[in-house]
Amino acid sequence: MIISAWNIRGLNKPYKQKELRLFLQKNKVDILGRLETRVKKNKANNIVNKVAKDWGYCCNYTKAINGRIWLLWKTILIVKIVHIHEQFIHCSVEDPVTSSQIMLTVVYARNKVQERVILWHDLQLVEGQIQVPWLRSGDFNNVLTTDDRLGQPVTASEVQDFKQCIDNMQLAPLRTKGCFYTWCNKQNANDRVYSKIYWAFGNFSWTKNYGHLEADFLEHGVSDHSPIIVQIWKRRTIHPKPFKLYMVTMEHKDFRAMVDRVWQQQDEQDPMTTIWQKLHKLKDEAKGLNKEMESYEQRLTQIRQRLGCTQANLTLDPFNQMLIEQEKQTMNELEKWSTIEERILRQKSRVTWIDYGDSNSKYFYA
């Protein structure tokens with residue numbers, strides 16, 4: 001099982017919805033804590049279906065305006081919501097295949113110190129007598145040491161309450177890899193600030209069972225925060241990935257000729273077997289066109305790789321103005337081409353009829 005948490009503000013934008021959907025697919029995420037949505041309650045279900053169709057989800061709209069925290073999970077998991085808070089969602093997660101169970105708390109702390117004091121207090125109340133592995137992860141909006149911020153000094157007063165809470169609950173931070181600074185204000189070099197405010201903590205039982213695991217902090221991507229990835233239980237893929245014919249492939253200039261060529265082939269078998277074999281041959285031939293029509297995906301992949309490279313270089317040289325401008329430019333380019341792709345795919349996905357000259361051989365594609 002792969003657990004993730006990501007603060008990606010502005011999920012009303014279609015290109016950010018798509019980037020989040022691709023993030024879930026690429027990293028094979030099973031359960032996600034989605035933070036700072038800024039999405040109205042009446043739009044939530046529609047956006048969840050675009051990002052993670054057929055997933056289960058829980059939001060804290062009853063406790064916070066605009067639902068500051070969304071918890072989404074694949075329905076193969078058994079998730080039981082234990083407590084919904086303004087600044088966290090607490091639940092149990094069970095994998096029915098392995099019968100393994102953990103407790104999970106996804107945190108999105110408030111910006112003001114006095115509001116976070118409430119969070120530290122209430123997190124300790126939730127602890128109770130939990131004996132199973134317990135992971136607390138998310139955006140705590142707080143540094144732990146003076147080394148956790150770059151570009152602005154850290155004061156002792158902003159650290160002490162958070163540190164006291166961690167000590168009282170006897171939590172241990174997971175070993176980490178990837179980005180050290182998990183947030184950036186994305187300002188110009190003179191005003192730029194980097195902070196480590198994303199954390200993943202485990203209780204004693206977690207350390208005992210999963211102490212070898214690491215929290216992977218990835219590049220920011222289209223957000224100003226790093227997503228967290230924690231992999232717990234591995235699950236084998238039983239079924240091969242099915243073939244999917246892109247709608248734009250059917251608009252290719254060679255597709256009609258390909259269909260005609262396959263359909264004109266004669267076969268002495270019964271009609272249903274003949275149709276099945278022709279469709280199978282058409283699938284084999286269409287694979288080449290499918291790859292050719294992936295050009296938009298390839299372009300976007302290149303842009304994402306360039307963005308990741310730029311952000312990696314910014315990690316080494318955080319106040320390089322040229323890299324800062326390059327990051328902004330690449331993010332704008334990503335939004336532009338993502339929007340263009342969506343428009344083209346919507347145009348290409350219209351209802352299509354293909355007539356092979358025989359009334360019994362007319363097929364409908366949607």
For T330 and E327, run side chain to side chain donor-acceptor pair (under 3.5 Å): C-alpha distance rounded to whole Å, both residues' side-chain angles, the deciding distance at 0.1 Å, then the answer. CA-CA 5 Å; T330 309; E327 182 191 35; over 6 Å; no
Could you measure the distance from the [atom1] atom of [X] to the [atom2] atom of [Y]? Nearest 0.5 Å is fine.
X    : Y    : atom1 : atom2 : result
T182 : N7   : OG1   : CG    : 9.5 Å
I228 : S4   : CD1   : OG    : 7.5 Å
L314 : F319 : CG    : CZ    : 10.0 Å
L323 : L316 : CG    : CG    : 9.5 Å
L171 : C165 : CG    : SG    : 7.0 Å
I8   : E36  : CD1   : CD    : 10.5 Å

Six-ring centre of W199, K196 cation under 6.0 angstrom, axis tolerance 45°: yes
Ring-face cation contact, F217 with K177, 6.0 Å cut, 45° max: no
Examine distances only and state if a side-chain atom of [X] and a backbone atom of [Y] form a donor-acceptor pair shorter than 3.5 Å.
X    : Y    : answer
S99  : D95  : no
T145 : D147 : yes
N60  : I69  : yes
N27  : V29  : no
K16  : R9   : yes
N168 : Q124 : no

Does [X] come within less than 4.0 Å of [Y], counting only side-chain N to carboxylate O?
X    : Y    : result
D224 : K186 : no
K50  : E19  : no
E333 : R306 : yes
D161 : R116 : no

Less than 6.0 angstrom separating the ring centers of W120 and F162, yes or no? yes
Can you say whether the rings of [X] and [Y] are parallel (under 30°), tilted (30 to 60°) or perpendicular (over 60°)?
X    : Y    : value
F140 : F201 : perpendicular
F88  : H83  : tilted
W70  : Y61  : tilted

Smallest separation among heavy atoms of [X] and [Y], with atom names:
X    : Y    : result
V193 : N185 : N-OD1, 3.0 Å
A64  : E86  : CB-CG, 4.1 Å
N209 : P133 : ND2-CG, 3.8 Å
L35  : V107 : CD1-O, 3.6 Å
T75  : D54  : CG2-O, 3.4 Å

For a ring-ring contact (aromatic ring centres under 6.0 Å, His included) check, start with the C-alpha distance between H90 and W134, then their side-chain angles and the critical distance, and finish with the verdict. CA-CA 10 Å; H90 177 58; W134 186 8; 5.2 Å; yes
Polar contact flag, side-chain donor to acceptor under 3.5 angstrom, [X]-[Y]:
X    : Y    : answer
N188 : Q321 : yes
Q131 : S205 : no
Y108 : Q87  : no
N111 : E115 : no
K281 : Q265 : yes
K18  : S338 : yes
N45  : Y57  : yes
N313 : T310 : no

W6 and F23: CA distance, side-chain angles, deciding distance, ring-ring contact (aromatic ring centres under 6.0 Å, His included) verdict: CA-CA 10 Å; W6 196 11; F23 168 81; 4.7 Å; yes
